[in-house]
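All remarks here apply to the structure that follows.
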Amino acid sequence: MMRFLASRLLRAAITIIMVVTFAFVVLRLSGDPAQIIMGADAPPEAVDAFRTAWGLDQPVWLQYFHYFGAIFQGDLGRSMRDGRDAIVLVTERIPATLALTIPALIIKLGLGIPAGITAALHRNSFIDRAVMLLAVAGFTVPSFVLGLLLVLVFAVQLGWLPSGGQESWRHAILPIITMGVGGAAVLARFTRSAMLEVLGQPYIRTASAKGVPWHAVVWGHALPNAAIPTVTIVGFMVGSLIAGAVVVESVFSWPGVGRLLVVAVANRDLAVVQCILLLVAATMVTANLVVDLLYGLLDPRLRNQPKRAAA
Amino acid sequence: MSDITAPLTLSTTAPRKARPLPPPMVIFGLLWLSLMLATALLADVISPYAYTALDLRNRLSPPIGMGGTWLHPLGTDELGRDVLARLIYSIRMSLLIAFGATLIGAVIGTTLGFLAAHFRGFVEQVVLALVDFSASLPFLILALSVLAFFGNSMVLFICLLGFHAWERYARIARGLAISASGQGYAAAVRQLGASPWRIYGRHVLPNIASTLIVSMTLAFPEIILLESGLSFLGLGVQPPATSLGSMVGYGREYLTRAPWILLAPAFTIILTTLSVSLLGDWLRDRLDPTLR
């Protein structure tokens with residue numbers, strides 16, 4: 001178990017280092033940040049002053065080390081537009097994003113997993129087909145289209161709900177539904193196929209054959225085994241609690257991290273983009289790590305295996 | 001093999017029937033995709049107007065069924081540009097990007113997967129670390145940061161989308177190539193002195209192609225969704241060029257006054273991704289031997 005833990009931690013650390021390196025390399029490849037920020041017709045003295053101020057006149061390897069050092073001290077640079085700390089700018093948006101993504105996650109789990117299980121238990125029945133058709137539809141309708149259609153119906157035609165903004169809880173309903181429905185569809189599809197795979201295993205047949213009641217077979221044998229692959233995708237959803245709202249926040253003008261990212265990309269405010277990139281990578285890697293640990297708890301076979309079974 | 005052994009044993013299976021028709025949903029998907037392909041290929045011929053042509057006397061005119069005329073069957077936008085013409089050129093743009101990006105992703109991923117399987121050791125570890133890296137970040141965030149750093153151009157945009165899902169091909173190609181080299185045929189051609197190029201290109205690739213093709217049908221609608229999402233945010237295809245996503249983004253401004261600008265491309269996106277998904281699921285059930 002310790003070895004398992006150590007290899008997972010090492011992997012997580014390598015991934016974070018790679019993301020930091022990626023951000024640095026891309027940042028430096030993208031041209032002279034000073035020129036980009038100051039504009040093409042800025043006086044050379046001003047550009048030079050900017051370079052010195054941001055440490056851009058030092059050799060690249062030195063910049064890389066400074067960059068690493070700064071990041072591990074929690075210094076992620078300042079917004080090149082308004083001069084505030086990028087990390088402050090980003091963290092003050094997090095609550096708004098979580099106010100959408102956490103309820104949406106609850107909808108995804110509460111709707112998607114039962115639907116998937118029901119469909120698998122009644123394979124090829126009318127229920128199965130209906131759930132799967134809905135799931136495919138929910139999966140293929142892009143979130144911005146779904147969001148705008150909901151706005152068209154519930155805000156424009158019926159006038160029940162506001163179409164955008166963040167003044168009251170009623171403003172959150174449409175974005176939460178938009179995110180929840182798509183995710184529930186993905187989860188339903190996934191849970192169904194995981195369940196079907198498990199239900200085809202010999203140990204299910206054995207349990208049925210020795211007279212275990214069907215509901216006990218499902219609860220005691222099928223569900224725990226089907227939970228293992230499902231945990232992966234749920235982990236991914238938890239990991240993207242911060243990143244998952246980019247498009248939906250833009251549709252509903254919700255002032256969260258996603259909206260900030262889109263605006264920062266459009267303005268090429270690199271410090272903010274980079275800060276969000278690292279934040280997302282950190283949450284994603286943490287979620288993956290937790291999933292791996294859960295795997296160890298759920299599946300005793302994985303504990304003693306230092307390497308992945310079949311990559 | 002079964003042809004040789006069959007006469008020796010009593011046949012217990014029924015004679016092979018003619019292939020059943022695919023389910024109606026799949027047929028619908030095929031028809032819709034053919035229509036989309038034909039539209040993309042023949043855009044210059046069938047489009048009633050140039051997609052930038054202005055008709056200032058008929059601005060925001062509604063489509064047929066909402067009080068419009070055959071002059072502009074799907075209506076016009078704020079500048080009097082014909083929605084049908086823009087839709088046709090948007091379909092061409094979106095499909096072009098999706099095809100290009102899917103191919104790029106498949107080629108990069110498969111090549112890296114083969115390299116990992118061939119050299120093992122250090123090369124394999126590097127490829128696997130890269131796979132972990134790109135699986136650990138939502139692709140949209142990665143794409144957005146690259147666009148922020150490099151700005152936008154058409155070529156960069158397609159290449160960027162090409163990196164979507166490369167890690168899936170790499171994983172599949174590596175796993176299957178490793179198991180293929182354990183089988184007789186790869187070892188046999190190697191013993192005959194075939195170069196690695198020949199072994200992987202002529203022998204291993206055809207054997208694992210069906211699984212790769214299924215992955216491509218899964219990646220294709222995802223790329224359409226990504227492209228339209230980025231274009232919707234104004235960070236993908238830039239005007240005056242138009243794509244399905246940027247049409248939706250533009251139409252959003254006129255949601256209350258002229259919803260048709262948004263609805264036409266929105267339903268085109270939905271139907272296209274739906275068709276590819278249905279077709280992909282069906283293909284996977286037929287082609288993927290692990291599911292039989």
Side-chain angles (χ1 to χ4, degrees), chain A residues 11-12 14-16 18-19 22-23 26-31 33 36 132-133 136-137 139-146 148-149 151-152 155-156 163 236 239-240 242-244 246-247 250-251 258 261-262 264-270 272-274 276-277 280-281 284-285 287-288 308 310-311, chain B residues 25 116 124 128-138 140-152 171 174-175 178-179 221-222 224-226 228-230 232-235 244-245 248-249 251-252 255-256 259 262-263 265-267 269-278 281 291:
Chain A
R11 237 170 224 289
I14 291 177
T15 309
I16 290 286
M18 282 177 80
V19 174
F22 169 82
V26 174
L27 188 68
R28 288 299 170 268
L29 278 180
S30 62
I36 294 169
M132 276 308 101
L133 196 65
V136 172
F139 172 69
T140 50
V141 177
S143 56
F144 62 93
V145 169
L146 181 63
L148 289 172
L149 290 181
V151 167
L152 197 57
V156 176
S163 65
F236 193 82
S240 52
I242 289 180
V246 174
V247 174
S250 300
V251 171
L261 176 62
V262 172
V265 170
N267 291 332
R268 305 195 71 181
D269 191 345
L270 302 181
V272 175
V273 174
Q274 179 180 295
I276 296 178
L277 182 71
V280 168
M284 220 53 206
V285 166
N288 282 343
R308 52 175 83 187
Chain B
M25 294 297 284
E124 187 177 32
L128 286 180
L130 283 173
V131 165
D132 272 358
F133 166 65
S134 64
S136 70
L137 272 179
L140 185 66
I141 303 291
L142 211 62
L144 280 173
S145 17
V146 172
L147 288 176
F149 291 131
F150 288 107
N152 198 311
R171 244 180 229 170
R174 173 183 159 270
I178 287 176
S179 73
E222 290 170 6
I224 292 185
L225 293 182
L226 258 174
S228 54
L230 286 168
F232 168 78
L233 294 173
L235 302 168
L244 293 172
V248 175
R252 181 189 169 195
L255 191 62
T256 43
L262 174 148
L263 289 176
F267 281 108
I269 296 174
I270 295 176
L271 285 176
T272 308
T273 48
L274 185 66
S275 301
V276 184
S277 294
L278 290 170
D281 282 355
L291 288 174

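With hydrogens and angles ignored, the 3.5 Å screen pairs a side-chain donor or acceptor of B:Thr273 with a backbone N or O of A:Thr140.
Contacts of A:Val19 with chain B are made by both backbone and side-chain atoms, with heavy-atom separations under 4.5 Å. Contact annotation for B:Leu263: only side-chain heavy atoms (C-beta onward) come within less than 4.5 Å of a heavy atom of chain A. When heavy atoms are compared at a cutoff of 4.5 Å, B:Thr272 does not approach chain A at all. The part of B:Leu140 that comes within reach of chain A is its side chain, from C-beta onward, which places non-hydrogen atoms under 4.5 angstrom from that chain. Heavy atoms closer than 4.5 Å to chain A are found in both the backbone and the side chain of B:Leu274. Using a 4.5 Å cut-off between heavy atoms, B:Leu262 contacts chain A through its side chain alone, with no backbone atom that close.
The candidate with the highest count of non-hydrogen atom pairs below 4.5 Å against chain B, out of A:Asn288, A:Leu152, A:Val285, is A:Leu152. Per-residue counts of heavy-atom pairs under 4.5 Å with chain A were compared for B:Pro221, B:Pro265, B:Ser228; the largest is that of B:Ser228. Most heavy-atom pairs under 4.5 Å with chain B, from the set A:Val280, A:Leu133, A:Ile16, A:Ile14: that is A:Val280. Of the listed residues (A:Ile276, A:Val273, A:Val247, A:Leu148), the one with the most heavy-atom contacts under 4.5 Å to chain B is A:Leu148.
Here the CG-CD1 distance, from A:Leu146 to B:Ile270, works out to 8.0 Å after rounding to the nearest 0.5 Å.
Among all heavy-atom pairs drawn from B:Leu130 and A:Met18, the shortest one is CD2-CE, 3.7 Å.
Side-chain contact between B:Leu233 and A:Val265 is absent, with no heavy-atom pair separated by less than 4.5 Å.
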Hey, mind stepping through B:Leu225 and A:Phe144 against side chain to side chain contact (heavy atoms under 4.5 Å, CB included) and telling me if it holds? CA-CA 10 Å; B:Leu225 293 182; A:Phe144 62 93; over 6 Å; no
For A:Val251 and B:Phe232: C-alpha separation, side-chain torsions, deciding distance, then whether side chain to side chain contact (heavy atoms under 4.5 Å, CB included) applies. CA-CA 9 Å; A:Val251 171; B:Phe232 168 78; 3.6 Å; yes
